[in-house]
Q: 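Let me begin by handing over the structure; questions about it come next.
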Amino acid sequence: MNNLDTKQYWSERYLENRTGWDLGAPSPPLQNYIDQLTNKSIKILIPGAGNSYEAEYLLNSGFTNTHVLDIANEPLTTFAERNPDFPKNQLHEADFFEFKGVYDLIIEQTFFCSFPPLPETRKTYAKKIHELLKPNGKLVGLWFDIPLTGDLEKRPFGGDKNEYLDYFSPYFETQTFEECYNSIPPRQGSELFGIFKVKK
């Protein structure tokens with residue numbers, strides 16, 4: 001898919017309400033992690049954010065420097081309507097792989113599993129995340145621990161712990177990457193929670 005095709009694909013998913021990944025609330029593991037953060041001025045990016053209930057939770061918890069990124073306009077518009085106090089200049093309609101910026105923390109929530117699971121694309125994701133993080137920055141999030149099927153259309157796309165570590169290890173130190181103990185019931189046993197810190 002080129003940028004235009006990708007943008008159109010996701011716009012149609014939101015317009016048609018085909019958003020089965022959308023929990024309608026912050027993911028409990030990420031909410032639990034956010035609750036442990038004490039510096040509310042850190043610069044946070046949520047790529048492929050969709051309706052981004054995590055960003056809404058961050059806003060309501062007093063975090064002031066959260067940035068929401070999506071290639072489709074529809075979820076950003078919906079988010080802005082839900083959260084009129086969220087700074088408009090912190091909503092970014094752009095392609096992640098072309099996006100510029102530097103952040104303390106990147107939160108991963110169903111973005112990695114949304115694009116076709118080609119090794120080259122996944123390597124590019126890891127490299128791009130690294131580029132977007134400050135020297136002491138962290139990537140924190142959830143990855144699906146489900147087998148890849150070979151179907152390049154049916155999302156979410158899975159993988160396993162060792163595969164993900166192959167992509168991340170050139171750029172990050174693994175602080176934790178384990179089966180998630182507090183997933184929502186339908187995802188119990190199929191999510192990995194990870195904290196990765198930029199390698200010095």
Side-chain angles (χ1 to χ4, degrees), residues 3 6-37 39-115 125 128-129 131-134 137-144 155-157 180 182-184 186-187 191-196:
N3 280 5
T6 303
K7 182 180 176 70
Q8 183 178 355
Y9 172 85
W10 289 110
S11 291
E12 288 173 357
R13 293 286 298 250
Y14 284 102
L15 286 168
E16 295 166 7
N17 202 30
R18 291 186 293 126
T19 53
W21 65 87
D22 191 307
L23 303 183
S27 177
L30 293 175
Q31 182 174 327
N32 185 56
Y33 178 79
I34 290 166
D35 287 343
Q36 297 172 53
L37 297 174
N39 181 357
K40 300 202 171 179
S41 66
I42 59 170
K43 194 174 181 184
I44 301 169
L45 176 67
I46 306 178
N51 288 316
S52 200
Y53 300 99
E54 285 74 24
E56 186 170 342
Y57 186 74
L58 285 160
L59 175 69
N60 294 334
S61 300
F63 289 82
T64 58
N65 204 359
T66 302
H67 293 252
V68 176
L69 169 66
D70 206 281
I71 198 168
N73 175 261
E74 287 73 15
L76 296 174
T77 300
T78 302
F79 179 86
E81 289 169 354
R82 265 194 355 255
N83 300 282
D85 295 335
F86 194 90
K88 300 294 183 286
N89 65 345
Q90 290 170 210
L91 295 173
H92 307 279
E93 183 183 341
D95 184 330
F96 164 79
F97 293 101
E98 298 174 359
F99 188 65
K100 308 289 185 192
V102 186
Y103 297 87
D104 298 295
L105 171 65
I106 295 178
I107 293 177
E108 164 62 47
Q109 160 67 322
T110 70
F111 174 52
F112 180 91
C113 68
S114 70
F115 49 80
Y125 165 95
K128 184 65 181 179
I129 291 282
E131 286 174 10
L132 290 167
L133 283 170
K134 293 178 181 178
K138 288 182 179 179
L139 166 65
V140 176
L142 298 165
W143 287 263
F144 278 113
R155 293 164 168 83
F157 299 117
C180 201
N182 54 351
S183 300
I184 62 166
R187 295 184 184 175
E191 286 185 309
L192 298 164
F193 175 78
I195 302 175
F196 301 93

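Counting from 1, the numbers follow the sequence of the chain as shown.
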Q: Enter the distance from Phe79:CZ to Ser52:OG here, rounded to the nearest 0.5 Å.
A: 5.5 Å
Q: Mind listing the closest non-hydrogen atom pair of Leu142 and Cys180 along with its distance?
A: CD2-SG, 3.9 Å
Q: For the pair Glu54 (side chain) and Ser27 (backbone), establish whether a donor and an acceptor sit closer than 3.5 Å, ignoring hydrogens and angles.
A: yes
Q: So, taking the atom named CG in Leu58 and the one named CG in Leu37, what distance separates them when rounded to the nearest 0.5 Å?
A: 8.0 Å
Q: Apply side-chain hydrogen bond (donor to acceptor under 3.5 Å, both in side chains) to Asp35 and list each qualifying residue two or more places apart in sequence or on a separate chain.
A: Tyr57
Q: Please examine the side chains of Gln109 and Leu30, heavy atoms only from C-beta on, and report whether any two atoms are closer than 4.5 Å.
A: yes
Q: Hey, could you give me the CD1/NE2 distance between Ile71 and His92, rounded to the nearest 0.5 Å?
A: 15.0 Å
Q: I'd like to check Phe86 versus Thr66 (side-chain heavy atoms, cut-off strictly below 4.5 Å). Are they in contact?
A: yes
Q: Measuring from atom CZ of Phe144 to atom OG1 of Thr110, what distance do you get when rounded to the nearest 0.5 angstrom?
A: 7.0 Å
Q: I'd like to check Val102 versus Leu132 (side-chain heavy atoms, cut-off strictly below 4.5 Å). Are they in contact?
A: no
Q: To the nearest 0.5 Å, tell me how far Thr64 OG1 sits from Lys40 NZ.
A: 10.0 Å
Q: Taking the six-membered ring for Trp and the single ring otherwise, decide whether the centroids of Phe196 and Trp143 are under 6.0 Å apart.
A: yes
Q: Thr77: which residues meet the side-chain hydrogen bond (donor to acceptor under 3.5 Å, both in side chains) condition with it, sequence neighbours left out?
A: Asn73
Q: Is there a donor-acceptor pair under 3.5 Å between the side chain of Arg82 and the backbone N or O of Asn51?
A: yes
Q: Is it true that a side-chain atom of Asp104 and a backbone atom of Gly137 form a donor plus acceptor pair closer than 3.5 Å?
A: no
Q: Is the Phe115-Phe96 ring centre distance short of 6.0 angstrom?
A: no
Q: Using modelled atom types only, decide if a donor and an acceptor are shared between the side chain of Gln36 and the backbone of Asn32 within a distance under 3.5 Å.
A: yes
Q: Just do the side-chain contact (heavy atoms from CB on, under 4.5 Å) check on Ile195 and Tyr33 with the steps written out, would you?
A: CA-CA 10 Å; Ile195 302 175; Tyr33 178 79; 3.8 Å; yes
Q: Verify side-chain contact (heavy atoms from CB on, under 4.5 Å) between Phe99 and Leu69, making sure each step is shown before the conclusion.
A: CA-CA 9 Å; Phe99 188 65; Leu69 169 66; 3.9 Å; yes
Q: Below 4.5 Å, heavy atoms only, C-beta onward: do Gln90 and Val68 meet side chain to side chain?
A: no
Q: Are Leu133 and Glu131 close enough that some pair of their side-chain heavy atoms sits under 4.5 Å apart?
A: no
Q: Could you walk me through whether Phe63 and Ile34 pass the side-chain contact (heavy atoms from CB on, under 4.5 Å) check?
A: CA-CA 10 Å; Phe63 289 82; Ile34 290 166; 4.0 Å; yes
Q: Check Leu45, Ile44, Val140 against Ile106 for a side-chain contact (heavy atoms from CB on, under 4.5 Å) and give me the one that passes.
A: Leu45
Q: Would you name the heavy atoms of Lys88 and Ala80 that are closest together and state the gap between them?
A: CE-CB, 4.2 Å
Q: Do Asn89 and Leu91 touch side chain to side chain, with heavy atoms closer than 4.5 Å?
A: no
Q: Which label fits Phe97 and Phe111: parallel for a plane angle under 30°, tilted from 30 to 60°, or perpendicular past 60°?
A: tilted
Q: Main chain of Ala72, side chain of Asp70: is a donor-acceptor contact present, judged purely on distance under 3.5 Å?
A: yes
